[in-house]
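Working notes, beginning with the structure itself.
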2 protein chains.
Amino acid sequence: MAAGAKVREMDQDDDDVISDLEQFVGYNLKRAYVIVQADFRNALGQDALAPRVFSALSLAVQFPHISQSKLARKLGIERSGLVAIVDELEGLGYLSRATVPGDRRVQALVPTEKGRRAYAEAVATVRAHEKALLADLTAAEQQTLIRLLRKIRSKGETE
Amino acid sequence: MAAGAKVREMDQDDDDVISDLEQFVGYNLKRAYVIVQADFRNALGQDALAPRVFSALSLAVQFPHISQSKLARKLGIERSGLVAIVDELEGLGYLSRATVPGDRRVQALVPTEKGRRAYAEAVATVRAHEKALLADLTAAEQQTLIRLLRKIRSKGETE
DNA sequence: TTAAACTGTTTACCTGCTAAACAATATCCT
DNA sequence: AGGATATTGTTTAGCAGGTAAACAGTTTAA
């Protein structure tokens with residue numbers, strides 16, 4: 001399986017050689033990201049909440065009446081990109097766009113009871129799957145990992 | 001100006017509240033990945049080698065005469081997705097598709113001297129930028145980070 | 001020799017974004 | 001006051017980076 005297909009008789013097996021790439025944080029980050037994201041997706045089922053929709057819902061539940069602009073900023077995406085996400089959440093009945101008395105430009109995102117329940121359920125599922133995926137890491141290692149990733153984030157999200 | 005725009009007078013500032021999201025490895029991974037990738041891109045210049053093209057070149061240089069199938073497998077992408085990447089590298093004159101005596105199906109990727117030089121230069125640049133980006137992490141922390149990311153990878157790349 | 005498997009490729013598609021323009025609304029500046 | 005300036009949500013067009021399915025050519029297995 002891992003051995004090179006026997007297309008040629010003396011095929012030197014390069015599979016275990018450590019490449020340059022492996023020494024880059026960026027490369028390892030990307031590969032790990034792909035795996036964790038895939039795990040997320042089949043944790044919640046193939047066509048349920050996508051990671052970004054889950055994230056938006058999470059923040060909407062935690063910060064009810066947040067505006068779309070603020071939410072976009074928290075998520076690190078553009079306002080325009082958030083529209084489809086909020087559309088989806090509204091379509092699912094997980095939140096509604098409410099007008100704000102003082103400012104008629106902003107749409108306050110208020111989660112519905114259904115949205116809060118769905119989120120509570122999703123968050124438990126995701127947590128469980130992430131825990132299983134990261135079973136090889138001790139609790140301390142997981143905390144360290146998060147701490148180091150946040151350090152990188154704080155370097156880049158300065159504004 | 002991290003403070004919320006003064007749209008309303010008593011706008012509680014949610015910016016420093018720790019959200020649920022921050023506790024997920026997946027979320028932190030994604031955010032960090034975006035930052036490192038962006039750093040990579042403006043390390044090499046806006047329209048130079050994209051990360052994935054750099055990665056492919058790296059492996060082609062390190063494993064000359066690797067086949068596209070093997071390269072795709074190493075990169076964790078589909079064969080079909082690799083075609084455009086190899087096209088680009090060939091277009092740049094960084095490698096060529098060579099026929100293999102024993103098997104007329106496979107295209108052996110052989111880096112040119114130009115390709116090897118370009119890679120050597122790129123790798124130095126990327127290393128320098130990554131070092132700068134990760135200056136807040138000690139060398140030990142960087143090693144730990146890579147070790148933990150590889151642990152996640154080894155969990156997901158089992159096949 | 002026929003069936004099965006593998007290689008590279010094309011094509012059609014999907015996801016998750018950005019950037020630019022826009023109308024509506026709000027705020028700032030004298 | 002009132003005009004410039006800014007902000008909010010939105011649409012549209014486009015890009016990057018991938019997948020999946022089908023295919024011809026070639027090789028291996030039965």
Side-chain angles (χ1 to χ4, degrees), chain A residues 1 3-9 11 27 30-31 33-35 37-38 40-42 46-56 65-73 75-90 95-109, chain B residues 1 4-9 11 27 30-31 33-35 37-38 40-41 46-56 65-73 75-90 95-109:
Chain A
M1 348 259 123
K6 40 189 168 333
V7 173
R8 314 213 13 81
E9 59 292 352
D11 218 355
Y27 183 71
K30 174 172 186 173
R31 297 297 294 263
Y33 160 64
V34 167
I35 288 163
Q37 196 192 236
F40 180 102
R41 283 178 192 282
N42 66 15
Q46 217 50 304
D47 35 27
L49 296 185
R52 62 190 197 140
V53 183
F54 172 84
S55 297
H65 289 87
I66 192 173
S67 73
Q68 292 188 199
S69 277
K70 281 192 178 180
L71 179 49
R73 198 159 53 80
L75 290 172
I77 64 174
E78 294 298 314
R79 292 185 333 281
S80 60
L82 184 59
V83 175
I85 299 174
V86 172
D87 284 351
E88 182 174 339
L89 286 170
E90 198 174 33
L95 54 73
S96 64
R97 288 165 158 110
T99 60
V100 162
D103 191 334
R104 286 188 297 181
R105 291 171 304 180
V106 358
Q107 305 276 33
L109 302 179
Chain B
M1 335 299 166
K6 39 190 163 346
V7 172
R8 312 209 20 75
E9 59 292 354
D11 218 355
Y27 183 73
K30 175 172 187 174
R31 298 296 296 262
Y33 160 65
V34 167
I35 288 163
Q37 203 201 27
F40 180 102
R41 283 178 191 283
Q46 218 50 305
D47 35 28
L49 296 185
R52 62 190 198 143
V53 182
F54 172 84
S55 297
H65 289 87
I66 192 174
S67 73
Q68 292 187 200
S69 278
K70 282 193 178 182
L71 180 50
R73 198 160 52 79
L75 290 172
I77 63 175
E78 294 299 314
R79 280 175 293 140
S80 59
L82 184 59
V83 175
I85 299 175
V86 173
D87 284 351
E88 181 174 340
L89 286 170
E90 199 175 32
L95 55 74
S96 65
R97 287 165 158 109
T99 61
V100 163
D103 190 335
R104 285 188 298 181
R105 292 171 302 181
V106 355
Q107 305 275 34
L109 302 179

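Per chain, numbering begins at 1; letters A, B, ... match sequence-line order.
In the set D:dG9, D:dG17, C:dA26, D:dG9 carries the atom at the smallest distance from any side-chain atom of A:S67. Of the listed nucleotides (C:dG16, D:dT26, C:dA19), C:dA19 has the atom at the smallest distance from the side chain of A:E78. In this structure, of C:dA19, C:dT9, C:dG8, it is C:dT9 that holds the atom nearest to the side chain of B:R97. Of the candidate nucleotides C:dT18, C:dT9, D:dT19, C:dT9 has the atom nearest to the side chain of B:V83. Distances were taken from every side-chain heavy atom of B:S80 (C-beta onward) to each of C:dC17, D:dT27, D:dA20; the shortest belongs to D:dA20. Minimum atom distance to the side chain of B:V106 is reached by C:dG8, of the listed D:dT11, C:dG8, C:dA19. Nearest to the side chain of B:Q107, among C:dG16, C:dG8, D:dG17, sits C:dG8.
In this structure, A:L75 atom CG and C:dC17 atom C1' are separated by 13 Å, rounded to whole Å. As a whole-Å value, the separation of B:I66 CD1 from C:dT7 C1' is 14 Å. Rounded to an integer number of Å, the gap from CD of B:E88 to C1' of D:dG18 is 15 Å. Rounded to whole angstrom, the span from the NZ atom of A:K30 across to the P atom of C:dG16 amounts to 15 Å. Distance CG (A:D87) to C1' (D:dG9): 11 Å, rounded to an integer number of Å. What separates CD1 of A:I77 from C1' of C:dA19 is a distance of 14 Å, to the nearest Å. As a whole-Å value, the separation of A:L95 CG from D:dG9 P is 13 Å. Residue A:L82 contributes atom CG, which lies 13 Å from atom P of D:dT8 at whole-angstrom precision.
Here the options are B:Q68, B:R52, B:R73, the test is side chain to side chain contact (heavy atoms under 4.5 Å, CB included), and the partner is B:L82; only B:Q68 passes. Each of B:K30, B:Q37, B:R31 was scored for a side-chain hydrogen bond (donor to acceptor under 3.5 Å, both in side chains) with B:Y33, with one residue passing: B:Q37.
Across all their heavy atoms, B:S67 and B:V106 have their closest contact at CB-CG2, 4.2 Å.
Across all strands, A:S69 comes closer than 4.0 Å only to sugar-phosphate atoms, never to a base (heavy-atom distances).
Using a 4.5 Å heavy-atom threshold, the side chains of B:Y27 and A:L75 count as touching. In this structure, B:L71 and B:I85 have side chains that are not in contact, with every pair of non-hydrogen atoms separated by 4.5 Å or more. Considering only heavy atoms from C-beta on, A:L109 comes within 4.5 Å of A:R97 through its side chain.
Take the nearest nucleotide of DNA chain C for B:G81 and for A:I85: the residue whose nucleotide is more 5' is B:G81. Between A:A108 and B:R52, the residue anchored nearer the 5' end of DNA chain D, judged by the nucleotide with its closest heavy atom, is A:A108. Each of A:R41 and A:R104 was assigned the nucleotide of DNA chain C with the nearest heavy atom; the assignment lying further toward the 5' end belongs to A:R41.
Contact annotation: B:Q37 side-chain N/O to D:dA16 OP1/OP2 distance is not under 4.0 Å. Within the structure, every side-chain polar atom (N or O) of A:K70 is placed at least 4.0 Å from both OP1 and OP2 of D:dG9. Phosphate contact (OP1/OP2 of D:dT7, side-chain N/O of A:Q68, threshold under 4.0 Å): absent.
On a pure distance criterion of 3.5 Å, a polar donor-acceptor pair joins the side chain of A:R79 and the base of D:dG9. The base of D:dT7 sits with one of its N or O atoms less than 3.5 Å from a complementary donor or acceptor on the side chain of A:R105.
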